Number of protein chains: 2
Amino acid sequence: MEEGTLGEPGYCCDTSDAFQWDSREDCDVRQILDRIADKWSLLVIALLDDRSMRFTELKKTIDGISQRMLTVTLRQLERDGLVSRTVHPVVPPRVDYALTPLGVGLHATIQSLVTWTESHQAEIAGARARYDAATAATASPVE
Amino acid sequence: MEEGTLGEPGYCCDTSDAFQWDSREDCDVRQILDRIADKWSLLVIALLDDRSMRFTELKKTIDGISQRMLTVTLRQLERDGLVSRTVHPVVPPRVDYALTPLGVGLHATIQSLVTWTESHQAEIAGARARYDAATAATASPVE
DNA sequence: CTGTATCCTACGCGATACTG
DNA sequence: CAGTATCGCGTAGGATACAG
């Protein structure tokens with residue numbers, strides 16, 4: 001399933017004159033952004049701060065994620081070199097996940113995003129309420 | 001349907017002792033994060049730097065986005081108070097989208113994420129190649 | 001130009017069951 | 001415990017057509 005033979009890292013999107021976000025598969029920035037900004041990836045990265053965590057521990061902490069999605073997500077992050085996977089060959093299998101140096105760098109950015117969200121959720125909620133009220137009023141001018 | 005009467009901005013997830021990401025719908029941080037980290041939202045926010053842009057302009061620049069998704073995305077962002085929508089009542093309808101003050105704040109964070117991705121795409125691509133090579137080798141130890 | 005309304009398909013993802 | 005494999009549903013989202 002992995003056509004993975006990507007000898008070409010893939011730079012394109014000539015940022016020369018006309019800036020453009022496009023080139024969906026040409027440039028992999030879009031693709032990487034998608035992976036990173038993924039619902040679960042985001043949470044895993046944010047969670048894996050300094051300490052390493054075990055599979056089950058992650059599953060418990062994130063809660064809502066299925067075993068499948070956690071596995072898939074972790075595999076992707078591992079493939080991208082953001083998370084390291086350490087298997088301890090003991091009787092009850094024990095696997096630790098931790099951020100790689102590369103992952104740590106990303107963590108900082110992600111964390112600021114999370115922090116921003118936390119400190120502005122009230123404003124967003126307010127904006128939504130206002131928008132919904134206005135919309136409802138327009139839709140059905142009750143009076 | 002709008003429990004919108006949110007005198008309560010909505011803090012839950014007691015960050016007291018045991019930190020946890022969970023509470024999917026309880027705490028809306030998760031939900032907001034999802035919206036923000038959305039594939040298209042991310043690009044729109046990143047694109048809408050200081051200047052405002054028209055609908056078609058956005059569509060052209062992002063390229064790959066369908067008209068439907070652009071509309072939906074913009075509506076969500078508008079609802080969240082991140083983007084403002086200005087309709088000019090002229091013959092050929094003209095609508096301008098721009099970041100709100102709130103949106104500007106988010107833009108900074110998003111931008112750093114984009115920048116990080118751009119400056120590390122080579123490393124990620126490398127990691128992938130390495131991972132795929134290792135995986136392929138394990139799967140079929142040709143020699 | 002800027003949307004909105006339908007239709008329809010691909011596939012993300014949860015549920016479940018089975019290995020080492 | 002830490003996965004992998006399979007099945008099946010729900011829905012995100014693209015294509016298309018129409019409207020102000």
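Residue numbers begin at 1 in each chain, while the letters A, B, ... track the order of the sequences. From a predicted model like this one, the values you see are computed outputs, not experimental measurements.
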When you get a sec, tell me which of [options] is the closest nucleotide to the side chain of [X]?
X	options	answer
A/Thr71	C/dG14, C/dG3, D/dT4	D/dT4
B/Pro93	D/dG20, D/dG3, C/dG3	D/dG20
A/Val95	D/dC1, D/dG20, D/dG3	D/dG3
B/Arg68	D/dC1, C/dG3, C/dT6	C/dT6

Point to revise | Passing option when B/Tyr97 is tested against B/Met53, B/Arg85, B/Glu57 for side-chain contact (heavy atoms from CB on, under 4.5 Å) | key: B/Arg85
Review point. Please walk me through it: do B/Glu78 and B/Leu74 pass side chain to side chain contact (heavy atoms under 4.5 Å, CB included)?
Key: CA-CA 6 Å; B/Glu78 188 194 358; B/Leu74 287 170; over 6 Å; no
For atom [atom1] of [X] and atom [atom2] of [N], their distance in whole Å:
X	N	atom1	atom2	result
A/Leu70	C/dC13	CG	P	13 Å
B/Arg94	C/dG3	CZ	P	12 Å
B/Lys59	C/dC1	NZ	C1'	12 Å
B/Leu58	C/dG3	CG	P	10 Å
B/Asp96	C/dC1	CG	P	14 Å
B/Met69	C/dT4	CE	P	14 Å

Practice item. Tell me which of A/Ile65 and B/Pro92 sits closer to the 5' end of DNA chain C, going by the nucleotide each one is nearest to. Key: B/Pro92
Check your understanding: Want to settle it: does B/Arg75 or A/Gln67 sit nearer the 5' end of DNA chain C, counting the closest nucleotide to each?
Key ->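 Final value for this comparison: B/Arg75.
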